[in-house]
Amino acid sequence: MLRRLSIAVAGGLLLASTLAGCGGDDAGSGNSGGGGDDKITLGFSQVGAESGWRTANTKSIQESAASAGIDLKFSDAQGKQENQIKAIRSFITQRVDVIAFSPVVESGWSTVLKEAKDAGIPVILTDRAIDDPDTSLYKSFIGSDFVEEGKKAGEWLVKEYEGKSEPVNIVELQGTPGAAPANDRKSGFADVIKADTKFKVVASQTGQFTRTDGKAVMETFLKSQPKIDVLYAHNDDMGLGAIEAIEAAGKKPGTDIKIITVDAVKDGMTALSEGKINFIVECSPLLGPQLMDLVKKVNNGETIPQRVLTEETTFTPEQAKAALPDRKY
Ligand code: GYE
């Protein structure tokens with residue numbers, strides 16, 4: 001199995017072993033940013049806590065800030081862009097050294113990012129991209145290629161139904177509307193399956209990347225669709241919620257309805273190893289160490305790469321069984 005931290009950053013990771021306290025829970029707490037001591041202050045605005053992926057991502061960022069000796073001001077946006085904008089403004093007022101955030105949606109960032117730029121505070125995007133063509137608004141974007149993930153999901157499906165001619169009815173559970181991983185996982189998948197007209201996406205709706213919504217939307221799909229062959233869920237959590245709905249409807253997930261998801265968090269991998277999910281495209285949440293490395297470099301005035309790509313793989317049930325004992329998240 002691939003070790004998935006990116007190799008796109010030149011040089012190794014220089015992580016100090018000092019243990020420092022984790023950041024507070026809101027943008028306003030913690031030590032004063034900027035000038036007080038020589039510790040780097042990082043303001044980080046997280047999307048929320050919508051999924052197992054997000055929980056692992058938050059842990060990775062908090063733990064690696066602590067071991068890199070970086071003072072982290074951590075702010076949870078609870079899924080709302082307005083909260084992220086507020087947090088970024090608060091980081092600017094506090095004069096943190098570096099701002100990083102995982103944008104809940106792709107658009108609507110230019111004003112606040114211009115404010116950060118004017119204040120001379122470098123910004124690093126983590127996990128999700130923005131659609132602003134002005135790349136001078138941020139120093140780097142570290143994260144996965146979500147189009148590629150969608151393509152991998154589609155390629156598995158094409159292989160699975162190779163040589164068959166009957167129609168394949170697909171239902172899709174999309175991530176948060178407007179979020180990069182929702183847009184890109186949808187388009188990457190669509191691009192691959194469109195080559196064969198037997199594949200039909202008969203219903204596609206958001207499940208907000210959560211188990212609860214994944215379950216509720218799958219219930220409506222099961223009621224409204226006379227024949228469902230495949231479920232493509234943009235993350236494990238929605239797939240796991242949908243499995244509950246499928247079982248409650250007296251069907252066998254993985255057999256009666258084939259299931260493809262993205263992320264490969266432990267719960268997803270467990271369902272995969274049990275045959276309830278058929279295929280998972282990995283998306284690694286362990287971005288913390290690389291982020292801290294970039295934060296140190298940018299704070300030193302070094303040039304950092306505009307794009308740092310996360311390496312990832314895919315899993316079948318057999319591969320999930322083998323990988324599970326060492327799975328970190
Ligand atoms: O796949 C999903 C999460 O942005 C890559 O957000 C992330 C996605 C992840 O909630 O589970």
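Quick note: residue numbers are just sequence positions, from 1. All ligand and atom numbering here is 1-based and tracks the order in the structure.
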Side chain to side chain, Leu113 and Phe101, heavy atoms closer than 4.5 Å: yes
Any side-chain donor near an acceptor of the partner, Lys117 and Ser136, under 3.5 Å: yes
Residues in the immediate environment of ligand 1 (any heavy atom closer than 4.0 angstrom): Glu50, Ser51, Trp53, Arg54, Asp127, Arg128, Phe146, Pro181, Arg185, Phe209, Asn235, Asp263, Cys283
No-hydrogen, no-angle side-chain donor-acceptor test under 3.5 Å, Gln62 and Thr58: no
Leu240 reachable from Leu222 in the ILVMFWY side-chain graph, under 4.5 Å edges: yes
Asn278 and Glu160: side chain donor to acceptor below 3.5 Å: no
Worked check of ring-ring contact (aromatic ring centres under 6.0 Å, His included) between Phe279 and Phe315: CA-CA 6 Å; Phe279 190 66; Phe315 295 97; 8.9 Å; no
